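Here is the structure we will look at.
Since this is a predicted model, take the numbers as computed values, not measurements.
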Amino acid sequence: MSKFRQMVQKDLKNIFLNPQEFADLHNLNGSECMASVQALTNKDMLVSSTTGLDGITGQTVNVYCALADLEERPTHGKLFTLDSETYYVVNVEDNMGMLKIMLGENQP
């Protein structure tokens, strides 16, 4: 692993997923871990290229967490539990170990 990637991995926990900065403790599919959760507005949904107009109904949230903190990587269309609320996985992006998981209430 390159020195840059090592620095990024360290920063995931120390900066982005730090409870004093951006993250809180959440239960993600049974894994208690630090994550940042952001509810999307209708405007966010219209601008998003991954959901289009079909995603407007129901609540949609983005979850940012470390891949290493989850028991398994979420996949599109599967059920995902966020703090005892059940959603469907709309999209998953992995950026050097930091996941952005888009969750929706309605089946994709």
Side-chain angles (χ1 to χ4, degrees):
M1 183 182 295
S2 71
K3 189 167 186 108
F4 174 73
R5 287 190 182 271
Q6 288 174 341
M7 290 172 39
V8 168
Q9 291 302 310
K10 183 180 174 187
D11 286 348
L12 284 179
K13 300 276 185 184
N14 295 336
I15 296 174
F16 301 113
L17 298 176
N18 179 336
Q20 296 174 346
E21 297 291 334
F22 301 111
D24 295 306
L25 186 63
H26 291 278
N27 186 312
L28 306 179
N29 265 355
S31 298
E32 293 284 330
C33 58
M34 299 306 295
S36 178
V37 177
Q38 172 190 21
L40 298 179
T41 65
N42 285 345
K43 180 180 176 185
D44 295 330
M45 294 300 296
L46 289 170
V47 173
S48 172
S49 62
T50 58
T51 59
L53 296 174
D54 292 338
I56 290 178
T57 59
Q59 182 179 6
T60 303
V61 296
N62 281 336
V63 177
Y64 299 89
C65 65
L67 174 59
D69 289 344
L70 300 180
E71 292 181 23
E72 66 180 71
R73 181 189 168 106
T75 56
H76 173 77
K78 299 293 184 179
L79 290 175
F80 191 93
T81 304
L82 167 63
D83 298 328
S84 74
E85 296 289 327
T86 302
Y87 296 90
Y88 285 94
V89 177
V90 176
N91 190 40
V92 180
E93 297 175 22
D94 184 349
N95 190 357
M96 291 191 286
M98 173 71 91
L99 292 183
K100 174 184 175 186
I101 309 166
M102 181 182 279
L103 303 173
E105 286 182 329
N106 297 326
Q107 185 173 6

Would a 4.5 Å heavy-atom cut-off, applied to side chains only, mark Pro74 and Leu103 as touching?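 In short, these two side chains do not touch, never coming nearer than 4.5 Å.
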Are the side chains of Leu99 and Tyr64 in touch, meaning some heavy atoms are under 4.5 Å apart?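 Heavy-atom side-chain distance check fails, nothing below 4.5 Å.
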Just list the side-chain donor-acceptor pairs under 3.5 Å for residues 24-31, sequence neighbours left out, or say none.
residue, atom, partner, partner atom, Å
His26, ND1, Asp83, OD2, 2.5
Asn27, OD1, Gly30, N, 2.8
Asn27, ND2, Glu32, OE2, 3.0
Asn29, OD1, Thr81, N, 2.7

Side-chain donor or acceptor of His76 paired with backbone N/O of Asn91 under 3.5 Å: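 Side chain of His76 to backbone of Asn91: no pair is present.
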Between atom [atom1] of [X] and atom [atom2] of [Y], what is the distance when rounded to the nearest 0.5 Å?
{"X": "Lys100", "Y": "Asp94", "atom1": "NZ", "atom2": "CG", "result": "13.0 Å"}
{"X": "Asp69", "Y": "Met98", "atom1": "CG", "atom2": "CE", "result": "9.5 Å"}
{"X": "Leu79", "Y": "Tyr88", "atom1": "CG", "atom2": "OH", "result": "5.0 Å"}

Which atom of [X] lies closest to which atom of [Y], heavy atoms considered:
{"X": "Leu70", "Y": "Cys33", "value": "CD2-SG, 4.3 Å"}
{"X": "Ala35", "Y": "Cys65", "value": "CB-CB, 4.0 Å"}
{"X": "Val89", "Y": "Thr75", "value": "CB-O, 3.2 Å"}

